[in-house]
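Following this message is one structure expressed as C-alpha cells.
In what follows, chains are A, B, ... by sequence order, proteins preceding strands, each numbered from 1. Because only heavy atoms are used, hydrogens play no part in the values below, and waters and symmetry mates are left out as well, while side chains stay in. Small disclaimer: the values here were computed from a predicted structure and weren't measured.
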2 protein chains.
Amino acid sequence: MQRWRSSLWLSLTVSALIAVCSGADTDITLDAKATLNHRIQSLDLLVFVFLLALTVLTIWLFKHHRVSWLHETGLAVIYGLIVGAIIRYAGTNTTLVHMQVETQGTPTYSDKLPPDTLWFKYPVNQTNTTKQPEDVKTYAYVFRGQVYDIDENEIDLKATFDPEVFFNIILPPIIFYAGYSLKKKYFFRNLGAILTFAIVGTTLSAFLIGGLMYGCVKLMPKYLSSSYTFLDTLYFGALISPTDPLTILAIFNDLHVDVNLYALVLGESVLNDAVAIVLSGAIQNYGEHYSNSGEFESTAFLRSLSDFVSIFFLSLLIGAVMGCFTALLTKFTRVRDFPLLESALFVLMSYSTFLLAEATELTGVVAVLFCGICQAHYTYNNLSEDSRQRTKQIFELLNFLAENFIFSYIGVSMFTFPKHHFDAGFIITAFICAALGRAVNVYPLSWLLNIKRKPKISSNFQHMLFFAGLRGAMSFALAIRNTVSDARQTMLTATSLIVIFTVIIQGGAANFLLNWLKIPVGVDDETEQLNNYHVHSSDGYLQDVEGGGGGGGGGAVGVSGRGKTRLVTGADSNLDTPLDGNAATATSGRRRNSHEKAILARIWGNFDTKYMKPLLTHSRPTLLETLPVCCNPIARLLTTTQQLTQDGSEFRRVDSDSDICIDNDTGNGISQDGLVGGGRRNSINRVSIRYMGDTQNLLASYRNLE
Amino acid sequence: MQRWRSSLWLSLTVSALIAVCSGADTDITLDAKATLNHRIQSLDLLVFVFLLALTVLTIWLFKHHRVSWLHETGLAVIYGLIVGAIIRYAGTNTTLVHMQVETQGTPTYSDKLPPDTLWFKYPVNQTNTTKQPEDVKTYAYVFRGQVYDIDENEIDLKATFDPEVFFNIILPPIIFYAGYSLKKKYFFRNLGAILTFAIVGTTLSAFLIGGLMYGCVKLMPKYLSSSYTFLDTLYFGALISPTDPLTILAIFNDLHVDVNLYALVLGESVLNDAVAIVLSGAIQNYGEHYSNSGEFESTAFLRSLSDFVSIFFLSLLIGAVMGCFTALLTKFTRVRDFPLLESALFVLMSYSTFLLAEATELTGVVAVLFCGICQAHYTYNNLSEDSRQRTKQIFELLNFLAENFIFSYIGVSMFTFPKHHFDAGFIITAFICAALGRAVNVYPLSWLLNIKRKPKISSNFQHMLFFAGLRGAMSFALAIRNTVSDARQTMLTATSLIVIFTVIIQGGAANFLLNWLKIPVGVDDETEQLNNYHVHSSDGYLQDVEGGGGGGGGGAVGVSGRGKTRLVTGADSNLDTPLDGNAATATSGRRRNSHEKAILARIWGNFDTKYMKPLLTHSRPTLLETLPVCCNPIARLLTTTQQLTQDGSEFRRVDSDSDICIDNDTGNGISQDGLVGGGRRNSINRVSIRYMGDTQNLLASYRNLE
C-alpha cells in the first residue's frame, strides 16, 4: 500500500544521506531526504527509460538481421526480467520507518471516516536552537489507505509505480491508438463475429475460468482454499480473458496475413479489453457494495449486470459523442489552416474524452476506444494532411512507448513488486484454465457463427484464433490494481507468468504456426482492392458519387466502396506484391465482397453514408440530398460550401475515404515501414483520384435553395 | 503544503458523498471517498483541457481574423483568469479534516527524522460487524511535510497542481524544444552578446533587483519588513530576471523581424531561464545549508558560487554528452531504416538526459536545453526524413500544449491557489524593480558590447530588447515552488501579476512598438541567404565540399556557409518575398558576413566542422581528412562507409546542414505555417542540391588506406 518510494538502492545515495545526517539539524536532514526521494524517483524512471532505449536498439538489431522468433514485446519482457533481477539482488536497502500513533487525548472525533490528514507532533532533539525555538515540530501526514496486515514483513518497493498509473497514463494511448488505427473496412465486414467473440466470448470465458478455478482451488490445501471466494476467482476469470493485440498483430502485419483473420484478431482483442475492464469493475462492485455474504444474490447480480451494461454503453456513448463533436469542430471551423492548432485540438479533445468518462464514474479506457474509432472514421477526413500525419505519428509513438513500457514493467515487477505470492498449484491451474477459457471462447462460438456466416471461419483459422490469445497489458493492469489479499497476490503472480509465457512463447511460435496451419500470408488488402476494382492508373479514375443520392443503400461503412467513391491507398511497395501469387485469395475476396456484409453492418453503413458522414465530414452526398425535402433548411445549415464546391486538389484531401485512412499498420507499424526502407515513408501516400462528378449540379441546386 | 486534492467543488460530488455516507459502513465510505477524489482530479484536469481547447479555438479565430493585439499566451492567461474566478466564486467547499496525534505511549523513537509513515489506530463505530470483527482499524498515513502555521486558516486547494509538476513535466519539453529549434546560424553569430546578456545580465539583474527590493522593503511597514531577509529578495531577483521567449517570439516570427534581433531575444531568453534556475537554486542552498545567520558570509558565498558554476556546467555537460551519444547511436546504427524506432530512441534519449541530471542532483532543465541544442546540431542530420519531421512535430505540439497549459494555470491559480498574499506596496515596488533590472541588463551591457561589436546594437534594438523582457513560465514556476513563508507568498503574487501584465500588455503592444521603433520587419533569413550567395536555381547548384580538406577554417558553425556546402531551405513562400525591398538588409548582411564572427564562435566553428561534425554525423570532410595522419586507423573506424560513398539522393538527406535544419519556427510555429496555408506544409522542404564533388577521390583514398 505504501507508494512512497523509499528504496535506496544505490549505495552512493545512502552514503549521501548519512553524510548529511551527522551533525546537521532535522530540517536539513528532511530536506536531504526529500532530495534523495526525488533522485530515487528519477533513477527509477531512468532505469525504465534506458531499458526502453535498449529494447529499441535490440529491436532494430533483430529487424536488421530478420530475427523472427522473438518480437519486441517479448524482448521488452525479457529485458525487464533481467533488469528486475539485477535490481532485486544487487541493490542495498533501507526500510520504511513507521510508527503507531493514536489520537491525542480521548477520541472525541465522531465521524465514521478517518481524518484526511494527521498533524503529528514530534519531539525533535535539536542540537542547534537558534532557528527553531520550540522542541516539538508538527508534521503533516496524508491518508493513504487501510493497513490490512499489521504484522506483514514489509519489503521495499523498488522501481514500482502506483498501479493507477497504468489506467490513467499507459493504457489510454494504447487503447486510443487501437481504435484510431482499426482497419475499419474489414472490421465492419466481420462485425458480427467480432462482437460475438468480444462480448459473448469474453463473458463466457470469464465465467468458465472463474468456475473452474473455484472448483480447483477448493480441492487444494486448506490455507489456499479458504482464502478464495467465488468472486475472487470470477474476477480472475474476467482479468485473464482479454487478449492482447500487440505481439500477434505485429507478426501478422509483418507477414501480411489474411485480412479477415487479421480483422478478427484485432477487433476481438481491442473490444475484449473494453469488455474485461467493465466486467471486472462490475464484479468488484458486486463484492464490495451489493452483496453482503459473497454468495449469489439475485438482486445484487442484477445490479451488477445493469452496472456492466450501463457503464459499457454510456462510456461508448461518451466516446462516440466526443469523437463526433471533434468532427463537427473540425468541419465547421477552418482550424485546418493551422495544422499545429488542429493537432492540438485533436489531442485535447481525445484526452478530454478520457477525463470526462473518468469524472462521471464511467470507464475512460472504453470511452477513449470508441472516441478513437469515431475520430478515425469522421474527424480524420476533416483534418489537414499535416495533422493527419502528425496525429497518426504521435499516437503511434505514444503507443509504442506505452506498450513497451508496460511489458518492460511486467518483467521488472516480477522481481521488484513486493506483493507477489508464488503458489505452484494455483499457477498451473491458472495456465490450464486460461487455455480452456480461450478454447471455449473460440471453438463453440466459431461453430455457432459458421452456421450463418458465408466465408466460414475455417478450422485452421480457429486454431490460429485460439493460439492468438496472448494475454497482455490489460490483464496485468487489472491484476496489479488490487493486491490487498493473499488470493489477489497469487492471482497477480499467475497473471504475470501467463502474460510472460504467452508473449514470449506463443508470440515467438506464431510464425511457425502460421506456416504449419497454411494460413495465407503475403496477402495485402490493397492488392485485393486492386484486383476487385481494377484500378490500374492513378489519376483520372472515375466513379460516381453514390449514384443518384441516397438510393441503393449499398455502401456499408466502407465495406466495399460500391456506389461510393474509392480512394486507393497508393502504398507504392504494395503494388509490387505479386498479384498472381494471390490470385486465389483475390478471387475469393471478390466473391465474398458481394455476399458477406453482416446485416448489422449493412444497416449502420447505410445510415452512416447517408446521414453521419455528410453531417460530420465534407463527404458527399450532402445532407441536402439524403434528408427529406422538409429538412432542407437544416440540411443547408449543416452543409458547408466546401462540401458543395469541392473539386480538384481541395477535394482530394477532403473526401478521403476513411475506410482506408490509416492503411499503414496497427499494433506496430515499424516493421512494415521498416522493411520497405525509405520507400514508403508517408504511409498516406495515395494514388490521387479526382472527382469530375456532378459537383456543378449540386452547386446549382444549392444556389437555387438560397 | 497539503497537495492531497480535497476540493469538492461540484455540488453533485458532495451530494454523492453524503448519499453514500448515510447508513453504509466505513469501508464503503472510504471507497466512495477514494472514487470521489479520483473524479475530482479528473475534473480538475478536464477543466484545464477544456480551457486549452477553448484557447486553441480562439487562437484560430484570432488568426483567422488577423487580430494582432492579443497573442495566444495572453489569451491563455485571460481565459485562465476567467475560469479561475468562476471556480473560486461558484464552487462549493468542504474542508480537509485533520487531527492532532502523538506517539503511542512514551516516545521511545530516538531518530532525528520523523517516521516515513504513521499507522493510525482509529476506532470505527461500526453498524455492521459481519465483515470486520475488530472495532479498531489501522490506517496508513504518509509523510508530507512540516506544518509551519498550525493556526492557519486552511483554504482548500481547488484545481491546483503540485508545483513540482512544472519542473518535471511542463518545463522540460518547452526548454528542450527551445534548444531543438534555436536558429543556430544567427545564434552563433551573436554568441558573445547572447552569453553576455544571459549570464552576466541575468546575474546583474538578479542582484540589482534583490538589493533594490531589500532597500524598499525595509522602508515599508513593520510587519512586512521584518519577514524579509536579503536572501528572500535576492531569490526574488533571481526568479524575476529570466525573460520568456514565447509571446514575443511568436510575434517576431509572424512579422519576420530582423534576424539578429530575433537571435538576440531568443538566445538570451532561452539561456537566462537556465541561468535563473541554477542561480535561484544556489541562493536557496546558501540560505538553507551554508549560512547560519542569513547575513553575508564569505565562505558560504563562495560555496554558493561554486555550486552555481559547477551545477550549470555539469548540467550543460550531461546534456551535451547525451546529445552527442544519441548522435553516435544514430550514426553508427542503421536504426534510421525504422523511423518509428528512431523517433522513439530520440525521445527516450532526450528524456533520459533530464532524468540523469535530476538523479545526479543537477538541473534537468539546463541539461535538456543543451541536449536539445546538440540533438539539433548533430543528431538531426543523421535522422531519416520521417523522424526529422516526426520529432519536430511532436516536440512542437508538446511545447505548444505545455506553454499554453502553464499560462492558463497562471491565470487560474491567481484565484484558486490558496497561498497568495496581496500587498500593494510590494507589488508596485516589484514592478518597478523588475523594469529597472531589465534596463540594467540591456542598456549598459549593450553599450559595453557595442565597443567591440561590428554591427552595433542600435538604440532602437536596445529599446526593443528592453521591451521584449516579458516574464513567463520559469519565473512563475520558481515562485510557486516555495510558498512556505509570508514573504514567499507575497513574491508569488507579485510574480504572477508581473507575468500576467507583461504577457498581456507588453505582448499586445509589441507590434506597435516594432513599428514605432522602425525595426525592420518582413526580413527573411532565407532572403538574406539568397542574396548573399546568389543561389537562384534549385537543382544542380554546386559548391565544393570545404575545398581541400580542413584548410581555410572558414566555416564557423554554420555562420556563413562559405567553403561549406549549403543547402538552401526551400521555403517556397519565402522565395516570393520581395528581394529588392530588403536590399539594404541583404547588403549589410553580406558585409557583416565577413567581419563579424565572434572569435569564440570562430574557434568553436572551426573545431566543430573539422572534428565534431565528421565524428557525430555523416558530414564531410571526414575525419580521415581532418585528423593528422597518425590517427588514420581511428579515423577510419569513426568514418562510416556511407560518409565516403554518399552521393545523389542518399547524400541529400545525410548532409543537410544543421544550420538551417529547423527553419520553420521557434516559439510557436503555427503562425508561419498557418499564414501561408497548406502551401508550406513540410517545413523541411529543401531545394535539393547535389554533390558532384570529390566523392570519388575520397573513396579512392579510403581504399588506399585499406
Highest number of heavy-atom pairs under 4.5 Å with chain B: which of Leu57(A), Thr360(A), Leu45(A), Leu397(A)?
->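 Option with the greatest count: Leu397(A).
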Using non-hydrogen atoms only, which part of Leu61(B) is less than 4.5 Å away from chain A: side chain, backbone, both, or neither?
->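 Neither the backbone nor the side chain of Leu61(B) comes within 4.5 Å of chain A.
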Please step through side-chain contact (heavy atoms from CB on, under 4.5 Å) for the pair Phe50(A) and Leu355(B), ending with a clear verdict.
-> CA-CA 10 Å; Phe50(A) 269 136; Leu355(B) 292 173; over 6 Å; no
Greatest number of heavy atom pairs closer than 4.5 Å to chain B - which of Thr333(A), Leu329(A), Leu52(A), Leu356(A) =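 Greatest number of close heavy-atom pairs with chain B: Thr333(A).
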When rounded to the nearest 0.5 angstrom, what distance separates CZ in Phe400(B) from OG in Ser343(A)?
->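 Going from CZ on Phe400(B) over to OG on Ser343(A), the span is 9.5 Å.
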Taking every non-hydrogen atom, the tightest pair across Ala359(A) and Leu43(B) |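 Closest approach of Ala359(A) to Leu43(B), heavy atoms only: CB-CG, 3.9 Å.
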Any Glu396(B) side-chain heavy atom under 4.5 Å of Arg390(A) side chain =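 With C-beta onward as the side chain, the pair touches.
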Heavy-atom distance under 4.5 Å to chain A: side chain of Leu401(B), backbone, both or neither?
->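 Interface part for Leu401(B): side chain.
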Contact summary for His38(B) and Asn168(A), nearest pair of heavy atoms =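 Taking every non-hydrogen atom into account, CE1-OD1, 3.4 Å.
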Minimum heavy-atom distance between Val49(A) and Leu348(B), given as atom pair plus value |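 That would be CG1-O, 3.3 Å.
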Do you know the tightest heavy-atom contact between Ala344(A) and Val56(B)?
->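 Scanning both residues completely, I find the closest heavy atoms to be CB-CG2, 4.2 Å.
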Straight-line distance of Asp337(A) CG to Lys63(B) NZ, nearest 0.5 Å |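 Here the rounded value is 11.5 Å.
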Got a sec: does the CZ of Phe62(B) have more than 12 other heavy atoms crowding it under 6.0 Å?
->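 Yes, CZ of Phe62(B) has more than 12 neighbouring heavy atoms, counting only those of other groups under 6.0 Å.
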Do Ile59(A) and Phe338(B) come close enough that some side-chain heavy atom pair is under 4.5 Å?
->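 Ile59(A) does not reach Phe338(B) side chain to side chain.
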Could you pull out the closest heavy-atom pair between Leu345(A) and Ala53(B), with the gap in Å?
->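 The answer is CD1-O, 3.9 Å.
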Short N-O contact, Glu358(B) and Arg39(A), less than 4.0 angstrom =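 No.
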Under the side-chain contact (heavy atoms from CB on, under 4.5 Å) criterion, do Trp60(B) and Glu342(A) qualify, and how do the steps go?
-> CA-CA 9 Å; Trp60(B) 163 72; Glu342(A) 193 183 34; over 6 Å; no
For Gln393(B) and Asp386(A), test the side chains for any donor-to-acceptor distance below 3.5 angstrom and give the result as yes or no.
->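 Distance-only check passes for Gln393(B) and Asp386(A).
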Against chain A, work out which of Val347(B), Val335(B), Leu398(B) has the most heavy-atom pairs shorter than 4.5 Å and name it.
->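 Counting heavy-atom pairs under 4.5 Å, the top option is Val335(B).
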